[in-house]
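Single-structure report; data block below.
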2 protein chains.
Amino acid sequence: MLIKKSAKNASLPKKNASLSQKNTPLLKKNASLSKKNAPLSKKITPLPPENSSDPRLPRYLQVRDDLLQRIALRSWAADEALPSEDKLAAEYEIAVGTMRKVLDALVTDGVVDRVRGRGTFVARAAERSSMLRFVRQHGKAKNQLPTAEIRSMTSAIPPAAVAEKLKLKPRDKALYLHRTRSLDNEIVLSEHIWLPLARFRKLQKYLKSNSPPSLYPVYESECEVLVSRAIDDLTAKPLNRANASVFKLKTKTMAICVERLMLDHAGEPVEWRTSFVPAERFQYSAEVR
Amino acid sequence: MLIKKSAKNASLPKKNASLSQKNTPLLKKNASLSKKNAPLSKKITPLPPENSSDPRLPRYLQVRDDLLQRIALRSWAADEALPSEDKLAAEYEIAVGTMRKVLDALVTDGVVDRVRGRGTFVARAAERSSMLRFVRQHGKAKNQLPTAEIRSMTSAIPPAAVAEKLKLKPRDKALYLHRTRSLDNEIVLSEHIWLPLARFRKLQKYLKSNSPPSLYPVYESECEVLVSRAIDDLTAKPLNRANASVFKLKTKTMAICVERLMLDHAGEPVEWRTSFVPAERFQYSAEVR
DNA sequence: CAGTGGTCTAGACCACTCC
DNA sequence: GAGTGGTCTAGACCACTGA
């Protein structure tokens with residue numbers, strides 16, 4: 001937010017002479033452009049200065065980082081359009097072409113979706129990051145919808161390894177969920193989920209009276225937490241007694257263990273999850289370029 | 001290659017009036033631009049008309065598809081620079097900005113790499129698609145280099161399922177390799193590889209007197225086949241007797257089976273490979289956006 | 001030094017959505 | 001019809017590479 005127009009830019013082409021004096025802030029707060037659209041200022045949440053990115057970076061990266069912050073702070077609901085290219089370009093005092101470069105980069109990062117004629121929207125990672133993509137949907141009842149069951153829920157100080165993943169301070173509590181997912185009345189997934197309690201208090205209340213099929217949309221609607229990307233780590237391990245009993249399988253049956261760290265659009269950790277799929281039910285596809 | 005400038009483009013801004021008559025081919029063969037750099041025509045391999053993409057598509061997509069074809073046909077060696085933006089833009093008769101859009105798209109698709117001050121180069125998929133990324137590198141001797149051993153090599157008409165994946169005709173032969181890979185003198189990977197014989201005859205000869213650590217670079221140097229991307233399908237299965245004996249493990253020991261279809265830059269299938277990693281040695285990381 | 005890709009601008013026209 | 005994103009152009013200056 002504190003990035004200035006560099007001297008080289010200020011003294012560039014003759015045409016631009018009138019455009020701006022030096023030391024213009026990156027984001028113009030409420031400038032003359034609101035002459036037509038009065039309440040444009042509504043969404044502009046000034047950020048603390050520590051969030052500024054390196055002023056030596058290209059402008060489009062600085063603007064991208066700033067937009068990313070505003071998205072992570074939920075300046076726009078997931079089904080609300082961001083300001084148009086023109087307006088954003090005017091806010092940041094950059095050319096529309098540069099603003100397009102910023103938005104295109106956010107599209108390829110999966111942060112926003114753009115729809116011609118409608119606008120630019122904050123993207124949701126929910127569907128493509130479903131854990132069910134590790135599960136084979138075999139044969140019969142292929143149209144069956146998956147179901148989910150919360151088997152236990154507590155809040156506690158998490159193990160040190162989990163606390164580290166979630167960047168929690170030593171005595172910060174976390175919400176713990178044990179959840180199973182079923183396909184065609186067969187349990188196919190057993191999940192141990194840890195969430196920073198500070199951001200997820202409302203979830204605890206909500207889950208006492210609701211049993212939603214997916215969690216990520218609830219994180220969004222109840223806790224204003226929008227997930228952006230997941231880092232998954234797969235290994236194969238024999239099931240311990242507790243997990244085996246969940247699947248009604250023998251202890252030491254081989255299973256695939258997926259350890260997932262889920263991040264928000266600002267890159268902050270949001271969830272740590274350890275999931276088990278019996279080896280028989282495991283399947284996964286990936287394309288490598 | 002047959003795409004015309006559409007009428008709308010030809011009659012666009014006043015400035016462009018002198019630029020081009022209608023019905024200009026997408027790729028200008030050897031036009032006036034070679035006034036300075038005479039032998040520019042060297043690399044221009046005219047393509048059969050069937051390869052033209054839909055003329056209703058945006059120009060940048062048509063140009064991208066055409067470049068993709070030329071890359072797949074190995075018009076440029078992997079360490080040779082493509083013509084510069086300016087030259088390519090002139091060849092295709094599009095603006096440099098549009099040409100940049102094409103090249104940027106190819107970069108994000110992993111087809112080319114661009115280096116400021118040096119040029120644009122055809123990318124290699126070799127390292128990032130190594131099967132060893134599915135293998136855990138544990139403890140001792142972490143710096144040990146992986147080794148490879150070809151255990152058998154024959155040419156034969158492949159099973160129907162393999163022939164279909166490789167898009168072979170009914171009686172086309174394929175080269176079959178059984179290969180193992182070891183880490184620290186322990187076999188960690190057993191691979192069954194099928195290659196269309198037509199494109200890989202030279203490989204057969206080469207492997208009789210060489211034992212290279214990686215195959216993909218040899219595909220490139222011996223057979224002029226440049227791999228672009230892989231589609232991997234993972235499941236868990238118990239080892240059959242033959243595969244178990246390779247690892248010196250008991251039959252029915254659980255293993256991860258990776259089925260891979262490898263494609264070239266034109267999207268044509270190049271290799272089908274079924275690999276096994278003992279479950280104990282399996283590990284895989286992925287980021288989902 | 002010439003040549004390359006990287007950033008940025010300013011503006012045109014188009015296709016689409018929604019009122 | 002007003003507003004949105006998608007395509008395309010034409011040109012400026014910059015940073016980096018290699019001869």
Side-chain angles (χ1 to χ4, degrees), chain A residues 3 5-20 26 36-37 40 55-64 80-90 92-108 112-121, chain B residues 3 5-20 24 26 36-37 40 55-64 79-90 92-108 112-121:
Chain A
I3 302 97
K5 286 207 154 184
S6 66
K8 72 172 180 213
N9 271 348
S11 65
L12 244 186
K14 301 80 206 156
K15 288 185 192 172
N16 281 7
S18 70
L19 201 151
S20 58
L26 174 60
K36 254 184 76 175
N37 300 327
L40 187 67
R56 292 165 304 182
L57 255 36
R59 305 261 301 157
Y60 83 94
L61 287 179
Q62 299 177 45
V63 172
R64 186 201 59 174
E80 175 190 11
L82 269 59
S84 69
E85 304 176 327
D86 297 359
K87 300 210 184 71
L88 283 172
Y92 284 108
E93 293 190 312
I94 58 178
V96 188
T98 306
M99 198 64 222
R100 286 193 64 78
K101 186 165 181 168
V102 170
L103 292 169
D104 288 345
L106 292 177
V107 167
T108 59
V112 300
D113 289 327
R114 317 191 69 190
V115 186
R116 174 163 24 185
R118 304 218 307 118
T120 303
F121 303 85
Chain B
I3 301 96
K5 287 207 151 180
S6 66
K8 71 172 184 214
N9 272 347
S11 66
L12 244 186
K14 299 81 206 157
K15 287 184 191 170
N16 282 6
S18 70
L19 201 149
S20 59
T24 313
L26 176 58
K36 254 185 77 175
N37 300 327
L40 188 67
R56 292 165 302 183
L57 255 35
R59 306 258 304 155
Y60 83 96
L61 287 179
Q62 299 178 44
V63 172
R64 187 202 58 175
D79 52 359
E80 175 191 11
L82 269 60
S84 68
E85 305 176 328
D86 296 0
K87 299 211 185 72
L88 283 172
Y92 283 109
E93 293 192 312
I94 58 179
V96 187
T98 306
M99 198 63 224
R100 286 193 65 77
K101 186 165 180 169
V102 170
L103 292 169
D104 287 346
L106 292 176
V107 167
T108 60
V112 301
D113 290 327
R114 316 192 71 192
V115 187
R116 166 151 45 175
R118 302 217 307 116
T120 302
F121 303 85

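This structure is a prediction, so every number in the text was calculated from the model and none was measured.
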Side-chain contact check for B:I94: nearest option of C:dC14, D:dT9, C:dG5 is D:dT9
Phosphate OP1/OP2 of D:dG18 contacted by B:R118 side-chain N/O (<4.0 Å): yes
When you measure from the side chain of B:R114, which nucleotide among D:dT9, C:dG5, D:dG5 comes out closest? C:dG5
Presence of B:K87 side-chain N/O under 4.0 Å of C:dT4 phosphate oxygens OP1/OP2: yes
Search all heavy atoms of B:R64 against all heavy atoms of B:A105 and return the closest pair with its distance. CD-CB, 4.5 Å
Examine D:dT4: is either OP1 or OP2 under 4.0 Å from a nitrogen or oxygen in the side chain of A:T120? Give yes or no. no
Between OG1 on residue B:T98 and CZ on residue B:R59, distance to nearest 0.5 Å: 8.5 Å
Between B:R100 and C:dG6, is there a contact of a side-chain N or O with OP1 or OP2 at under 4.0 Å? yes
Nearest 0.5 angstrom please: B:R100 CZ to B:L88 CG, how far? 12.0 Å
Heavy atoms, side chains only, cut-off 4.5 Å: are B:D104 and B:R114 in contact? yes
Of the nucleotides D:dG5, D:dT9, C:dT4, which has the atom closest to the A:S84 side chain? D:dG5
What nucleotide among C:dT7, C:dT9, D:dT7 has an atom nearest to a side-chain atom of A:K101? C:dT7
Per B:A95 side chain, nearest of listed nucleotides D:dG5, C:dT4, D:dA10: D:dA10
